[in-house]
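Heads up: the structure comes next, in structure tokens.
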Amino acid sequence: MPQPTNVRLTREQEEALIRYLDKRIDSLKETNRERIEADADSWRRYNNDRSDRTGGVWDHCNTPLPLTSMVVDYFSARAHDELLSSRPFFQITPQGPADRDFAQTISRFSTYKLNDVARTHEEIDQALLSAFVQRAAILKAVYHEERDSYERVGVIALHDAQTGAPVEILDYGFILEDAEWVEQPDPINPGQSRLHLAADPSFILDPERYEWKPLEQPVAFERTLYAGPRSVQVDSQRFLAPITARSLDEADCIVEFYDRTLDWVMERFNEREWLKAKDYRAELASEDAEEKTPTQAAPEGSHPIESKSESLSFDPRTKRIAIAECWLTWDVFDRGTPSRIVVWMDIDRRKLIACEYQAIVSPTGKPPYSAITVARKPNRWWGPSIPEMVKAFQDYVDGQFNRHSYRNLINANPVIGQNPDAIIERKEFLDIGPGEAVTLEDGRSISDYLQAFVFPNADLDTEMLLDKCVYFVQLWLGISNVAQGDYSDVPQNTTAFGQDATLREAAKLARRFIRRCIAGIEHHITHLAKILFATMDDEEVYYYTEGDTSSVGSLTADAVRNLELNIRISVGRTQNAQAIQATTLAKQIVTEYVQYLAQAPQIAATVRPIYKQSLRLLGFDDVDALLPDPSLPEGAALMSMPPPDASDVPESARDQQNLAPFPDAEAANTAASIVTGPPPVLNRNQPQENNG
């Protein structure tokens with residue numbers, strides 16, 4: 001059914017808008033051409049498809065080495081482990097002051113709806129690979145409804161016993177046998193009860209007046225399979241944005257192309273005096289189910305590649321229309337001030353289907369697109385991809401390897417020169433069977449009969465050059481042999497955590513690309529959460545698990561209306577391990593400080609600034625609460641407490657050698673064990689001597 005719009009345009013204004021979009025889309029296609037072609041080339045390189053190379057050695061030997069694939073797979077696997085390994089991988093909490101229970105309710109509800117129901121982590125996981133292959137992976141936050149309509153025959157329903165007609169209630173429909181009833185006391189007959197329809201308590205079930213029997217006509221049903229926010233990855237060649245824009249939020253025009261069915265189009269169609277819905281529908285009579293927009297199919301386990309679409313010209317009932325969705329900031333009313341609007345346009349017919357303000361369509365008031373870029377250019381929303389960064393190295397390795405392989409191929413099948421007159425049998429070389437002897441003419445040698453040309457061995461350094469090239473790529477990007485599980489050339493380390501520390505150090509450079517993904521993912525989840533809270537029912541039920549216990553909670557729409565959110569990506573396993581180490585060291589510092597307060601209050605005041613600085617370095621903010629001042633009541637209360645017994649001191653505080661080390665703090669590994677008396681001061685800023 002056609003929908004009204006808040007953007008009231010005259011016919012002249014609408015025509016001017018369409019003319020502007022035609023020229024702007026053509027301009028964006030031209031400026032985005034290089035990005036789209038670069039993304040397509042990067043996907044070919046990632047899949048080791050180098051059929052585009054011709055001429056020279058490539059016509060004889062064209063075997064690409066999987067250097068690009070190795071680098072991309074390494075980073076995408078690390079990104080998955082760092083960003084998506086924990087469940088949930090994000091946390092949503094209100095900004096500003098909020099009680100703990102409400103913040104926990106928000107987090108549990110959003111986790112259930114976005115992660116468990118909408119399966120957001122699966123779409124982001126797929127987008128991570130695109131982020132490392134393309135110049136930017138584009139994610140879109142949309143509101144998606146999936147409904148199913150069907151009919152049932154012979155359904156048992158409530159009928160009027162006198163008329164035989166089925167009972168039908170306004171805004172509810174027929175009363176079927178599975179309807180919900182509520183038993184309440186009968187005010188007319190005390191001590192008895194009667195059944196009220198739960199959907200309409202004013203309706204009372206009277207067995208003498210009503211009866212149950214099958215309906216004569218089929219009953220139509222509709223159920224909602226899914227309704228809520230959904231994460232969608234946009235194909236690179238279907239997305240256009242100004243390449244000079246600092247971010248997609250600041251872009252004045254964003255265009256996305258896709259196909260939609262006739263029902264989808266007519267449901268959103270804005271009817272105007274000069275364009276009626278029935279007239280526009282008549283123009284679509286010749287459409288069929290053929291794909292109208294160039295698409296990128298994504299085979300399982302592969303990358304988005306252009307593929308031949310299925311021929312559906314035989315299906316005239318299913319109609320597809322090519323749509324351009326444009327998020328535009330432009331002075332559409334010619335008032336001197338731009339308006340932020342969304343336009344859906346029929347590309348082939350140059351017809352405006354619908355137009356609305358962005359503030360009404362999007363809960364954030366901004367385009368719902370987020371760009372994940374791992375090597376973002378300064379002041380740009382995109383940046384070079386990993387395949388582009390290693391392109392020169394990939395081409396060099398492939399050139400060296402294939403030239404060497406081609407020379408080996410020639411040497412394995414050498415050019416043979418023969419002189420049949422040098423043997424008595426006068427046979428050609430190909431006529432001589434294996435093991436067959438020939439008789440040489442007098443004064444002739446076998447070299448007079450047969451000679452084979454072999455290229456001189458000038459490839460002694462080829463393998464070394466290949467190894468050096470791969471080595472510098474790994475060194476540059478932070479991919480070490482140790483990180484790939486190769487310990488063959490790693491010297492033995494005498495410390496218990498030597499290899500683990502080496503792995504952490506080797507992964508520091510690699511994390512720079514993964515950290516750059518976080519901003520785009522958090523931006524995308526913010527859009528999803530805004531859509532979730534803007535479209536939720538008056539009260540929704542969610543499920544959450546604590547340990548082995550599953551529980552049910554509820555949240556009302558009024559509680560989250562106009563709520564500002566704080567989105568945070570949960571850290572991965574490596575960061576979790578470091579956080580645990582920091583907590584362990586902080587607990588040790590606090591324990592030592594309490595021991596000083598109980599046994600040597602004078603020293604406690606002296607070492608307190610050092611301990612406070614150590615806690616700040618470990619990432620703790622409220623250090624005054626952790627280390628109370630002895631001159632204040634909190635510190636005096638700790639001084640009056642008896643000193644802790646040795647059995648009460650945690651194992652980590654009694655034996656510092658059991659602590660896992662920090663990369664920049666070897667003192668935690670080498671400090672002496674505490675035996676009796678006040679513990680020694682732990683100074684993490686100065687390395688201590690290792691006494692064995």
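In this text the structure is predicted, and so the values were computed from the model without any measurement. The figures that follow rest on heavy atoms only: side chains count, while hydrogens, waters and symmetry mates do not.
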Trace of the side chain to side chain contact (heavy atoms under 4.5 Å, CB included) decision for Val232 with Leu139: CA-CA 6 Å; Val232 178; Leu139 287 173; over 6 Å; no
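- Formation of a donor-acceptor pair under 3.5 Å by the Arg376 side chain with backbone atoms of Arg516 is not found in this model.
- Between Glu388 and Arg45 there is no salt bridge, since none of the side-chain N atoms of the basic residue sits less than 4.0 Å from a carboxylate O of the acidic one.
- Defined by atom type and a distance below 3.5 Å, a donor-acceptor pair is missing between the side-chain atoms of Glu122 and Gln126.
- Side-chain atoms of Ser107 do not come within 3.5 Å of backbone N or O of Ala103 as any donor-acceptor pair.
- The closest side-chain donor-acceptor pair between Trp381 and Glu250, if any, does not fall under 3.5 angstrom.
- Inter-residue side-chain proximity for Pro387 and Trp43 is flagged as unmet; no heavy-atom pair is nearer than 4.5 Å.
- For Tyr46 and Phe132, the ring centers sit 6.0 Å or farther from each other.
- The shortest non-hydrogen separation linking Tyr593 to Arg608 is OH-CD, 3.1 Å.
- Between Cys517 and Val374, the closest side-chain pair of non-hydrogen atoms falls below 4.5 Å.
- Judged by distance alone, the side chain of Ser362 and the main-chain N or O of Ala359 form no donor-acceptor pair under 3.5 Å.
- Two residues are said to be in side-chain contact when any heavy atoms from C-beta on lie closer than 4.5 Å; Gln134 and Ser42 fail this criterion.
- The local environment of NZ in Lys612 is crowded, with over 12 non-hydrogen atoms from other residues, nucleotides or ligands closer than 6.0 Å.
- Under the 3.5 Å distance criterion, with hydrogens and angles disregarded, no donor-acceptor pair is assigned to the side chains of Gln613 and Tyr611.
- Listed by chain and residue number, Asn48, Ser69 satisfy the side chain to side chain contact (heavy atoms under 4.5 Å, CB included) test with Pro66 (two or more places apart in sequence, or in another chain).
- The minimum heavy-atom distance linking Ile514 with Ala79 is given by the pair CD1-N, 3.8 Å.
- Listed by chain and residue number, Arg24 satisfy the side chain to side chain donor-acceptor pair (under 3.5 Å) test with Asp252 (two or more places apart in sequence, or in another chain).
- We find the NZ-OG1 distance between Lys530 and Thr364 to be 8.0 Å, quoted to the nearest 0.5 Å.
- The shortest distance between side-chain heavy atoms of Phe90 and Ile92 falls below 4.5 Å.
- You'll find the side chain of Tyr544 stays beyond 4.5 Å of the side chain of Phe109, heavy atoms only.
- Without hydrogens or angle criteria, Gln358 side chain to Arg340 main chain gives no donor-acceptor distance under 3.5 Å.
- Take Arg230 and apply the side chain to side chain donor-acceptor pair (under 3.5 Å) test, not counting sequence neighbours, and it matches His144.
- Taking a 6.0 Å sphere around OH of Tyr471, one finds it holds 12 or fewer heavy atoms contributed by other residues, nucleotides or ligands.
- Between Thr583 and Lys587 the shortest side-chain heavy-atom distance does not fall below 4.5 Å.
- With values rounded to the nearest 0.5 angstrom, Leu532 atom CG is found 8.5 Å from Leu528 atom CG.
- Without hydrogens or angle criteria, Asn32 side chain to Ile243 main chain gives no donor-acceptor distance under 3.5 Å.
- Qualifying ring pair (Phe, Tyr, Trp, His ring centres under 6.0 Å) partners for His527, counting only residues two or more places apart in sequence or in other chains: His523.
- Side-chain atoms of Ser385 come within 3.5 Å of backbone atoms of Val133 as a donor-acceptor pair (strictly under, hydrogens ignored).
- Taking CD of Glu256 as the reference point, atom OH of Tyr369 lies at 3.5 Å (rounded to 0.5 Å).
- The backbone N or O of Thr120 lies less than 3.5 Å from no partner atom in the side chain of Ser231, so there is not a single donor-acceptor pair.
- From Asn115, atom CG reaches atom CG of Leu84 across 9.0 Å, with rounding to the nearest 0.5 Å.
- A donor-acceptor pair under 3.5 Å is formed between the side chain of Glu123 and the backbone N or O of Gln233.
- The minimum heavy-atom distance linking Pro367 with Trp327 is given by the pair CA-CE3, 3.7 Å.
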Side chain to side chain contact (heavy atoms under 4.5 Å, CB included) evaluation trace for Val72 with Val390: CA-CA 10 Å; Val72 171; Val390 301; over 6 Å; no
Name the atoms and distances for all side-chain donor-acceptor pairs under 3.5 Å in residues 535-543, with sequence neighbours left out.
unit_1 : atom_1 : unit_2 : atom_2 : d
Thr535 : OG1    : Ile531 : O      : 2.7
Glu540 : OE1    : Lys113 : NZ     : 3.3
Glu540 : OE2    : Asp537 : N      : 2.9

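- Note: Ser370 OG to Ile138 CD1 = 8.5 Å, rounded to the nearest 0.5 Å.
- Between the side chain of Gln394 and the main chain of Leu65, a donor-acceptor pair closer than 3.5 Å is present.
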Chi angles and distances behind the side chain to side chain contact (heavy atoms under 4.5 Å, CB included) call for Phe89, Leu83: CA-CA 6 Å; Phe89 69 94; Leu83 304 179; 5.8 Å; no
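- Tyr357 approaches Ser339 most closely through the heavy-atom pair CE2-CB, 4.5 Å.
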Worked verdict on Val342 versus Leu328 for side chain to side chain contact (heavy atoms under 4.5 Å, CB included): CA-CA 6 Å; Val342 190; Leu328 186 66; over 6 Å; no
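- In plain terms, the two heavy atoms of Ala127 and Ala137 that are nearest each other are O-CB, 3.6 Å.
- Of all non-hydrogen atoms in Ala118 and Pro229, the two that sit nearest each other are CB-O, 3.6 Å.
- For Tyr396, the side chain to side chain donor-acceptor pair (under 3.5 Å) partners two or more places apart in sequence, or in a different chain, are Gln400.
- Note that NE2 of His121 is 8.5 Å distant from CG of Asp116, once rounded to the nearest 0.5 Å.
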